[in-house]
Amino acid sequence: MSKEAELVAKLQNPALKDTAFSELLDVYQERLYWHIRKIVQTHENADDVLQNTFIRVYKSINNFQEKSSLHTWMYRIAYNESMRFLEKNKKKSYDNIDDVKSSKLEVLFEDEYFNGDEIQKKLHKIIDSFTEKQKRVFHLKYFDDLSFRQISELLEVSESTLKSTYYTVVKIIEKKILE
Amino acid sequence: MKKNTSNKSDKKFLKKGISDVTQLHKEYLGTGIPADYFETSKLSILNKIKSETTTGKFLIEEKSDITKHHKNYLGTEIPEDYFKKSKSSILNAIKEDALVEQKPKKQLVFYLRPQFKFIAAAILFLLTLSIWLQNSESKNNFDDITIEELALEDDVLIKSLLVEDSDLDEFTDATLFNEVVVKAEIKEQKMDDLILNSLILEDSLLDNYMDEELVETIIL
């Protein structure tokens with residue numbers, strides 16, 4: 001039995017659930033935080049979404065049927081929670097999609113927990129110019145350090161497509177960052 | 001025999017070969033290795049293979065660099081000890097959530113339950129509808145209303161809010177004429193008729209009486 005399967009079994013056992021959940025937090029909290037943070041941008045928002053994500057994981061762990069790996073399942077929950085959060089906030093604050101796009105980076109640059117220099121700001125702007133799919137692939141590979149196999153399972157896209165997308169994005173970034 | 005000799009020499013070569021490679025490198029190239037290196041290295045490789053096949057690479061990977069990586073490339077930071085605090089806040093939130101779910105739901109009195117509310121609302125609606133239908137059937141149209149049914153004071157009060165004073169005066173005069181003068185005239189006429197009738201009636205009765213009295217006294 002793999003360590004992940006062992007953890008799932010403990011999470012689905014009411015007597016061991018709380019201890020196992022603490023273990024789960026140790027393993028995934030940081031990874032999921034950064035995955036969420038890149039979508040919702042500010043620390044405050046990421047904190048809210050991270051909490052919602054783990055509450056949902058805790059509540060739904062009994063429905064987890066191991067059709068995918070635990071981390072894939074949790075990344076999906078984190079992504080869905082982030083999108084739900086953005087959707088909710090978009091309705092509150094913005095009138096059109098262009099406002100959302102420009103405001104997203106402005107909000108990040110003004111965040112208390114952003115301390116980027118001009119190069120880092122430039123990288124954010126370059127990444128922001130990509131499509132949602134390209135952005136996700138680049139983030140998952142370069143920053144979240146997932147393997148192509150894991151990303152393929154998560155996004156349900158073939159590994160070869162992912163590789164081609166990733167290397168295209170990397171080339172564009174390298175070219176644009178020097179301009 | 002020859003074969004046996006060659007086997008013997010092969011074994012010797014292999015044995016000699018393994019120990020000699022390190023020795024050869026040390027003697028000719030001056031390259032050494034730590035004591036018991038191959039023993040510890042073997043254990044380390046076996047452990048790595050074991051852990052990778054049983055746990056999957058993802059869980060055992062070093063994760064301490066993620067935050068640093070994000071800070072270096074994206075300039076994004078987090079508060080000090082954030083993950084420790086966040087862990088306890090998530091665990092607390094889950095506990096609170098579980099407590100809320102465990103609390104027994106308020107038991108409503110049967111007539112306050114939603115299904116009874118709907119039934120009561122439906123009954124009330126039907127009752128109101130039937131009363132309204134009955135009233136609307138018994139009501140006359142405006143055209144059918146006789147002048148007697150319109151009370152003078154109601155008309156005056158309502159219309160006076162909307163009508164000019166001069167019109168109202170005209171209306172009041174006309175109504176006064178109809179109500180008082182015409183009716184008084186009619187009553188007076190009736191009185192005259194009564195008196196006249198009574199006079200006529202009295203004369204005829206008297207004549208009859210006198211005739212009867214005369215016949216009776218003469219004949220008798």
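Hydrogens, waters and symmetry mates play no part in the numbers below; they use all other heavy atoms, side chains included. Naming: A, B, ... by sequence-line order, numbering from 1 per chain. Only a predicted model underlies this, so the values are computations on that prediction, with no experimental measurement involved.
Counting heavy-atom pairs closer than 4.5 Å to chain A, the top residue among B:Ile78, B:Leu91, B:Leu74, B:Thr76 is B:Leu74. Of the listed residues (A:Lys121, A:Arg37, A:Lys38), the one with the most heavy-atom contacts under 4.5 Å to chain B is A:Arg37.
Closest of all the heavy-atom pairs between B:Ala93 and A:Gln51 is CB-NE2, 3.3 Å.
Atom CZ of A:Phe148 is surrounded by more than 12 heavy atoms from other residues, nucleotides or ligands within 6.0 Å. Within a 6.0 Å sphere centred on NZ of B:Lys87, heavy atoms belonging to other residues, nucleotides or ligands number more than 12.
B:Ile66 CD1 to A:Trp34 CH2: the interatomic distance, rounded to the nearest 0.5 Å, is 9.5 Å. Taken from CZ in A:Arg31 to OG1 in B:Thr67, the straight-line distance is 10.5 Å, to the nearest 0.5 Å. The CG atom of B:Asn72 sits 13.5 Å away from atom CD1 of A:Ile119, with the distance rounded to the nearest 0.5 Å.
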Can you list the steps and then say if A:Asp144 with B:His70 is a side-chain contact (heavy atoms from CB on, under 4.5 Å)? CA-CA 9 Å; A:Asp144 298 344; B:His70 279 80; 4.2 Å; yes

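Contact annotation for residues 155-168 of chain A against chain B (heavy-atom separation below 4.5 Å): no residues qualify.
When heavy atoms are compared at a cutoff of 4.5 Å, A:Leu25 approaches chain B solely by way of its side chain, counted from C-beta outward. B:Lys95 does not touch chain A: none of its heavy atoms, backbone or side chain, sits under 4.5 Å away. No part of A:Ser147 comes within reach of chain B, as not one of its non-hydrogen atoms sits under 4.5 angstrom from that chain. Only the side chain of A:Phe21 comes within contact range of chain B, judged by heavy atoms closer than 4.5 Å. Within the 4.5 angstrom heavy-atom criterion, atoms from both the backbone and the side chain of A:Phe114 approach chain B. A:Ile127 touches chain B through its side chain: at least one heavy atom from C-beta onward sits under 4.5 Å away, while N, CA, C and O do not.
Under the 4.5 Å side-chain criterion, counting only non-hydrogen atoms from C-beta, A:Asp145 is not in contact with B:His69. Between B:Tyr82 and A:Asp47, the closest side-chain pair of non-hydrogen atoms falls below 4.5 Å.
Looking at A:Glu30, its side chain never comes within 3.5 Å of a backbone N or O of B:Phe83 through a donor-acceptor pair. Between the side chain of A:Gln29 and the backbone N or O of B:Lys84 there is no donor-acceptor pair closer than 3.5 Å.
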